[in-house]
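For reference, the structure is listed below as structure tokens.
Below, chain A is the first sequence line, B the second, and so on; all start at residue 1.
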There are 2 protein chains.
Amino acid sequence: MHRALVVEDQNLMRLALMAELRAGLRDCYVAGAQTLPMAKQLLDQDQFDLVITDPGLPGFDPTSRHDRLHVVETIIEAAPGAAHLVVTGSDDEDEALACRLLGARAYICKTGLSQGELPLVLKQIDRGEFSIQLSDLDTAKLDLRFPTLTPREDEILAMMMHRNTGTKRRAVFQEMATKAGINAASAERYYKQARAKLLKLGRLPEGL
Amino acid sequence: MHRALVVEDQNLMRLALMAELRAGLRDCYVAGAQTLPMAKQLLDQDQFDLVITDPGLPGFDPTSRHDRLHVVETIIEAAPGAAHLVVTGSDDEDEALACRLLGARAYICKTGLSQGELPLVLKQIDRGEFSIQLSDLDTAKLDLRFPTLTPREDEILAMMMHRNTGTKRRAVFQEMATKAGINAASAERYYKQARAKLLKLGRLPEGL
DNA sequence: CGCAATGGGGATGGCATCATCCCCTTTTGT
DNA sequence: ACAAAAGGGGATGATGCCATCCCCATTGCG
């Protein structure tokens with residue numbers, strides 16, 4: 001049983017991180033805290049295996065190096081046995097190093113963290129590595145979401161729109177198939193279904 | 001058909017905002033952009049009814065008043081016909097006013113924005129009001145998420161744990177019933193189911 | 001031409017969730 | 001002691017998504 005804690009003041013981000021953990025960990029429960037006092041309270045009450053901390057908490061100056069590291073240090077000292085991940089909105093290699101020296105196992109920039117990538121980070125730190133992920137805008141992509149699509153349909157559409165020019169649809173079906181552990185024909189089915197829905201709505205993006 | 005755009009560089013936050021829009025709007029499609037150039041490209045290609053912008057985009061200094069307002073101004077000028085919401089991580093009443101003068105219809109702090117609250121903001125601006133929502137930590141609550149629970153079970157558990165002391169469970173069932181448009185007995189059923197699952201896991205929080 | 005890729009579907013079983021109905025026992029409050 | 005509240009379930013149909021299998025027509029290319 002894994003016990004994880006997410007310390008982050010932005011509600012939607014905290015919920016998103018908690019959802020990522022839920023999806024990535026089996027047999028776990030995930031707690032969330034919005035402030036440093038609440039985090040300390042939880043860490044005193046209970047033992048955690050994994051703690052994700054955003055150093056920019058309310059009551060501290062998010063632009064102050066000292067304040068940010070103080071938050072990280074406080075959390076790490078309150079749970080010395082846990083694996084600590086620092087997740088931040090800003091992007092600073094020096095701060096990453098400082099966090100590492102404080103005992104953190106990973107330093108991740110929110111800008112470079114996409115859905116489903118947290119498990120990769122966890123695998124990395126399981127191997128004993130320090131995982132550092134700075135902002136990555138080379139892979140910047142457009143997003144499109146259509147409410148009437150199911151998750152699978154959304155997924156294959158996103159992959160299709162983000163594919164490199166020249167890549168055949170078949171290849172994308174195969175890619176999704178291996179990634180999702182399903183049949184390539186099923187991926188194709190989802191794509192067709194999604195396409196049909198968008199056609200009916202008259203909202204088919206260019207490049208189909 | 002509503003067309004919405006979310007301009008935000010943090011992937012998880014952008015997806016969360018897009019999900020909020022999907023849940024809150026009927027017959028809409030939602031696009032996302034990670035950078036200002038991508039946002040401009042989308043705004044030039046297509047017309048949007050609603051644009052949500054985080055002024056702290058890559059390539060700009062998130063602590064610089066000038067840079068932040070420049071982002072907001074650029075976006076608003078690129079889509080003068082849309083309703084513009086500014087969503088930010090920092091908390092600044094002066095900046096809110098400046099955004100209002102630039103033509104924004106709402107200024108929302110991420111710290112104060114919870115799941116399901118975006119529709120309330122949209123209703124407000126539909127009435128022609130300027131919606132301002134600064135950080136709100138009075139209502140700071142603990143979060144707990146258990147992976148084995150269904151959304152409904154999670155929902156009623158969260159409401160139950162966040163209820164004011166003295167409130168009867170019955171009242172919470174009724175509250176969820178009216179909010180979700182279901183039967184109070186069903187809410188009670190979800191609560192019981194959730195409780196049973198946590199009991200089996202030996203992870204029942206205090207206060208049941 | 002033949003073949004691969006694409007576009008456009010129908011039908012299926014399995015499964016989880018939703019929302020509702022019903023039953024019962026125990027605890028708590030007044 | 002009596003009623004209200006709470007704990008602990010079983011069973012149900014409806015619905016939607018997942019994953020798979022099948023069919024067909026059209027297009028492009030060597």
(Q) Please check this pair: side chain of Arg163(A) against backbone of Thr167(A), looking for a donor-acceptor N/O pair closer than 3.5 Å. (A) yes
**Q.** Whole angstrom value for the distance that separates P of dA16(C) from CG of Leu149(B)
**A.** 15 Å
Q: Answer with base, sugar-phosphate or nothing: what part of the nucleic acid does Leu199(B) contact at a heavy-atom distance below 4.0 Å?
A: sugar-phosphate
Q.
Could you tell me if the side chain of Ile132(B) sits less than 4.5 Å from the side chain of Ile108(B), heavy atoms only?
A. no
Q: Under the side-chain hydrogen bond (donor to acceptor under 3.5 Å, both in side chains) rule, collect the residues that match up with Arg105(B), sequence neighbours excluded.
A: none
Q: Could I get the full list of side-chain hydrogen bond (donor to acceptor under 3.5 Å, both in side chains) partners for Thr148(B), not counting sequence neighbours?
A: none
Q: Indicate the ring-plane relationship of Phe60(A) and His70(A), choosing parallel, tilted or perpendicular according to the 30° and 60° boundaries.
A: tilted
Q) Hey, what bend do you get for the helix from dC1(C)-dG30(D) to dT30(C)-dA1(D) if you fit axes on five pairs at each end, rounded to 10°? A) 30°
Q: Could you note down all residue pairs passing ring-ring contact (aromatic ring centres under 6.0 Å, His included) where residues 164-188 of chain B supplies at least one of them, sequence neighbours left out?
A: Phe173(B)-Tyr191(B)
Q) Quick one: is dA16(C) close enough that its OP1 or OP2 comes under 4.0 Å of any side-chain N or O from Thr150(B)? A) no
Q | Donor-acceptor pair, side chain of Arg14(A) and main chain of Gln34(A), under 3.5 angstrom | A | no
Q | Nearest-Å distance for atom pair CD/C1', residues Gln193(A) and dG9(C) | A | 9 Å
Q: Using atom CG of Leu198(A) as one end and atom C1' of dG7(C) as the other, report the distance to the nearest whole Å.
A: 14 Å
Q. Which nucleotides of nucleotides 19-30 of chain D have their base under 4.0 Å from a protein heavy atom (B), which only their sugar-phosphate (S), and which neither (-), written as one string 5' to 3'?
A. BBB---------
Q) Is the shortest heavy-atom distance from the side chain of Tyr190(A) to the side chain of Thr150(A) under 4.5 Å? A) no
Between the protein and nucleotides 3-6 of chain C, list every N/O to N/O distance that falls short of 3.5 Å.
residue	atom	partner	partner atom	Å
dA5(C)	OP2	Arg170(A)	NH1	3.1
dT6(C)	OP1	Arg169(A)	N	3.0
dT6(C)	OP2	Arg170(A)	N	3.0

Q. When the distance from CD1 of Ile156(B) to C1' of dT17(C) is rounded to whole Å, what number comes out?
A. 16 Å
Q. Any side-chain heavy atom of Leu85(A) sitting closer than 4.5 Å to one from Val51(A)?
A. no
Q: Could you tell me whether Lys192(B) and Glu153(B) have a side-chain N and a carboxylate O separated by less than 4.0 Å?
A: no
Q. Can you check whether Leu12(A) reaches Glu20(B) side chain to side chain, under 4.5 Å on heavy atoms?
A. yes
